[in-house]
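In what follows, a structure is listed as structure tokens, so that the remarks can point back to it.
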Amino acid sequence: MSNSPQKVHFIAIGGAVMHNLALALHQKGYQVTGSDDEIYDPAKSRLQSASILPDNIGWNEENIKEDLDAVILGMHARKDNPELLKAQKLGLKIYSFPEYVYEQSKEKQRIVIAGSHGKTSITSIILHVLKYYNRNFDYLVGAQIEGFDLMVKLSDDAPTIIIEGDEYLSSALEMRSKFLFYHPHIALFSGIAWDHFNVFPKFEDYVKAFEELADGLPKAGAIIFDETDNMVDVICEKEREDVNKVPYKAHPYEVKNGVSYLLTGNGKVPLKIFGEHNMKNLNGAKKILERLAITEEMFYEAIQSFSGAAKRLEKLGENKYTQIFRDFAHAPSKVEATTKAGKELQPERQLIACYELHTYSSLNKDFLPHYAEKLDAADRAVVFYSPHTLVIKKMPAISKDEIKKAFGRDDIEVFTTSEELDGFLKSQNWYNSNLLLMSSGTFGGTDLSQLAKEILELPVDIPEEEKPAIKNKKGSKLRGIFKRKK
């Protein structure tokens, strides 16, 4: 694009998408600068490697120069941010990142993946398949994907851009959902379940954002939707002039010996991912890819090597007796779907499911009842939360009894420190037991990969009746005490 800005400054450059967008523009040859009041890894290291890490932490109005072509404002920055005020005073072009992405993709076919759950996975599947066939495309996705250096790509020549469309607000200046600024030609709706209680205090407000996205589709556009989701079905079945409606549901599948197989007209297709919700995600992606000239045969070939997006039912480790997974799940619908998937994978094993209350919504006493029965698929349920997080968010304290009542399980184990949780998990017998860790946080700063490694190295106690019989030299049977070797 000949009129694309060449000098761009990011206010709040440390965010996940913001720093990836900054790196993408840097790769294009733009002069990129940025600021933030806190920058953590991996953003810090990646920005430093590209030589665009701010010299100083904090805001400084001297960063804003008259020759800037664009200022990109992150949601983390407030209205009284001194750099924002300076940019406004100078009359500079100020964009939220979704507005800027749209500016960079006006001439492209824009495909937006929206929904309360599944959007990262669906977007990741689409990207994986397109890359498998060496297609030229741009993208924006909310997680790191194997085979992709960045979460954002904005080129001058790609005909299509695939965008994970977040319903959260865009910036302090644009208090509307991010996905509304992309103006898609094709939109996929994976499901609608109330989330982001802090900015959508009423369920009706939350639903309205999705309805506005659907109403904005152009003539000859397409709306692809999960027909098994009641709220999505209501929104997407609404009559819209010359907009194609394409429903989908879970792809037929079976699980055998801990592996999920797609059932197709040409036999079974083995997968690296699992869970009914992922069979829905996979089929939704397939409907999008059909519109990008990817045939069924091509799709089934490419999907076999897809191992999932980072932190989405990501396997942290396994041994003969135990598998350990982590997932970004935080909304009630995600927690329920992920827990069911974990149990379905190996129903003969005990599933211990741990969920961290971390977001504003999940820690809100009025919202907590939405988690009722969401952990019921687990054999043992664990909930973790940090009282310190409540203090930081200026929210009232929550008791363990309130959590047990909200989840509808008196047998739930509730922990408030990472040390307590660590001790509990390491005291369990992990014989024929799997662990599922669900959070958008870190369970109080726990290194989950290290925790998984330590659990997998623990000795196990095999029940007496399941120990194999061993004959001694005289032919009598002995039963040994079997422990896993470290």
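We're numbering straight along the sequence, starting at 1. Note that these values count all heavy atoms, side chains included, but never hydrogens, waters or copies made by symmetry.
- Of the possible polar contacts, one joining the Trp430 side chain to the Leu425 backbone as a donor-acceptor pair under 3.5 Å is found.
- Atom NZ of Lys453 has 12 or fewer neighbouring heavy atoms from other residues, nucleotides or ligands inside a 6.0 Å radius.
- To the nearest 0.5 Å, atom SG of residue Cys354 and atom CD1 of residue Ile412 are 10.5 Å apart.
- Taken from CD1 in Ile192 to NE2 in His117, the straight-line distance is 9.0 Å, to the nearest 0.5 Å.
- If you check the side chains of Ser362 and Thr359, you find a donor sitting under 3.5 Å from an acceptor.
- Interatomic distance, OG of Ser171 versus CD of Glu99, reported as 6.5 Å (0.5 Å rounding).
- Taking the six-membered ring where tryptophan is involved, the planes of Tyr431 and Tyr321 are tilted, since the angle between them lies from 30° to 60°.
- Not a single ring-ring contact (aromatic ring centres under 6.0 Å, His included) links His358 to another residue, sequence neighbours left out.
- Residue Asn136 qualifies as enclosed at atom CG: its count of foreign heavy atoms under 6.0 Å is above 12.
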Atom pairs and distances, donor-acceptor, side-chain atoms in residues 142-151, under 3.5 Å, two or more places apart:
residue	atom	partner	partner atom	Å
Gln144	NE2	Phe148	O	3.0
Gln144	NE2	Asp149	O	3.0
Glu146	OE1	Ser307	OG	3.0

Compile the donor-acceptor pairs under 3.5 Å between side chains in residues 285-299 and protein atoms, sequence neighbours left out, one pair per line.
residue	atom	partner	partner atom	Å
Lys286	NZ	Glu290	OE2	3.3
Lys286	NZ	Glu296	OE2	2.9
Thr295	OG1	Met298	N	3.2

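- Salt-bridge annotation for Lys178 and Glu167: absent, with no side-chain N of the basic residue lying under 4.0 Å from a carboxylate O of the acidic one.
- Listed for the Asp447 side chain is a donor-acceptor partner under 3.5 Å among the backbone atoms of Gln450.
- The side-chain hydrogen bond (donor to acceptor under 3.5 Å, both in side chains) pairs that include a residue from residues 260-277 are Glu254-Lys268, where partners are two or more places apart or lie in different chains.
- Listed for the Asn429 side chain is a donor-acceptor partner under 3.5 Å among the backbone atoms of Asp461.
- Residues passing the side-chain contact (heavy atoms from CB on, under 4.5 Å) test with Glu336, sequence neighbours excluded: Lys340, Lys374.
- Ring pair Phe137/Tyr139 is tilted by interplanar angle, where 30° to 60° counts as tilted.
- A donor-acceptor pair under 3.5 Å is absent between the side-chain atoms of Thr338 and the main chain of Val335, judged by distance alone.
- Distance check, rounded to the nearest 0.5 Å: CD1 of Ile113 to CG of Leu188 gives 5.0 Å.
- A donor-acceptor contact shorter than 3.5 Å is absent between the side chain of Glu457 and the backbone of Glu454.
- For the residue pair Gln350 / Asn434, no side-chain donor-acceptor distance below 3.5 Å is found, with atom types taken as modelled.
- Among all heavy-atom pairs drawn from Gly115 and Ser190, the shortest one is CA-OG, 3.3 Å.
- Ile273 approaches Gly308 most closely through the heavy-atom pair CG2-N, 4.1 Å.
- Between the side chains of Asp422 and Ser418, no donor N or O sits under 3.5 Å from an acceptor N or O.
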### Task
Would you please test Leu140 and Thr123 for side-chain contact (heavy atoms from CB on, under 4.5 Å) and show each step?
CA-CA 9 Å; Leu140 185 157; Thr123 308; over 6 Å; no
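- Taking Arg312 as the reference, Thr120 meet the side-chain hydrogen bond (donor to acceptor under 3.5 Å, both in side chains) condition, with sequence neighbours excluded.
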Donor-acceptor pairs under 3.5 Å, side chain of residues 436-444 to any protein atom, not counting sequence neighbours: which ones?
residue	atom	partner	partner atom	Å
Ser439	OG	Glu356	OE1	2.6
Ser439	OG	Gly441	N	2.6
Thr442	OG1	Gly445	N	2.9

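- Applying the ring-ring contact (aromatic ring centres under 6.0 Å, His included) test to His185 and every residue at least two apart in sequence or in another chain returns nothing.
- Ring geometry for Phe367 versus Tyr371: interplanar angle over 60°, hence perpendicular rather than tilted (30 to 60°).
- Within 6.0 Å of atom NZ in Lys400, more than 12 heavy atoms from other residues, nucleotides or ligands are found, so the atom counts as buried in its surroundings.
- Between Phe210 and Phe179, the ring centre distance stays below 6.0 Å.
- A search for side-chain contact (heavy atoms from CB on, under 4.5 Å) contacts involving Pro347 returns nothing, not counting sequence neighbours.
- Remark: Arg176 is positioned above the aromatic ring of Phe181, its terminal NZ or CZ atom under 6.0 angstrom from the ring centre and at most 45 degrees off the axis.
- When the shell of 6.0 Å around NZ of Lys208 is examined, it contains 12 or fewer heavy atoms from other residues, nucleotides or ligands.
- Heavy-atom neighbours of Lys44 NZ from other residues, nucleotides or ligands within 6.0 Å: at or below the threshold of 12.
- Residues satisfying the ring-ring contact (aromatic ring centres under 6.0 Å, His included) criterion with Tyr248, sequence neighbours excluded, are absent altogether.
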### Message
ring pair (Phe, Tyr, Trp, His ring centres under 6.0 Å) for Phe424 and Phe384? Distances and angles first, verdict last.
### Response
CA-CA 12 Å; Phe424 168 78; Phe384 172 88; over 10 Å; no
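- Under the 3.5 Å distance criterion, the side-chain polar atoms of Asp41 are left unmatched by any main-chain donor or acceptor of Ala43.
- Thr228 and Lys280 share a side-chain donor-acceptor pair at under 3.5 Å.
- His370 and Phe407 have their aromatic ring centers separated by at least 6.0 angstrom.
- Not counting sequence neighbours, the partners of Leu363 by the side-chain contact (heavy atoms from CB on, under 4.5 Å) test are Leu357, Tyr385, Thr389, Leu390, Lys393, Met395, Ile398.
- With hydrogens and angles disregarded, no donor-acceptor distance shorter than 3.5 Å links the side chain of Gln323 to the backbone of Asn319.
- Looking only at distances, no side-chain donor or acceptor of Asn283 sits under 3.5 Å from a matching main-chain atom of Met279.
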### Message
side-chain contact (heavy atoms from CB on, under 4.5 Å) for Ile324 and Thr322? Distances and angles first, verdict last.
### Response
CA-CA 7 Å; Ile324 301 177; Thr322 305; 4.0 Å; yes
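- Between the CZ atom of Phe306 and the CG atom of Asn281 there is a distance of 9.0 Å, given to the nearest 0.5 Å.
- Within a 6.0 Å radius of CD in Gln304, more than 12 heavy atoms belonging to other residues, nucleotides or ligands are found.
- Judged by distance alone, the side chains of Arg46 and His19 do bring a donor and an acceptor atom under 3.5 Å apart.
- Heavy atoms only, all atoms of each residue included: Ile224 and Gly284 are closest at CG2-O, 4.4 Å.
- Pairs engaging residues 126-141 under the salt bridge (charged side-chain N to carboxylate O under 4.0 Å, His left out) rule: Lys108-Asp138 [sequence neighbours left out].
- No hydrogens or angles considered: nothing links the side chains of Asp401 and Ser399 as a donor-acceptor pair under 3.5 Å.
- At least one donor-acceptor pair under 3.5 Å links the side chain of Arg110 to the backbone N or O of His183.
- Neither side chain, Tyr206 nor Glu204, offers a donor N or O lying under 3.5 Å from an acceptor on the other.
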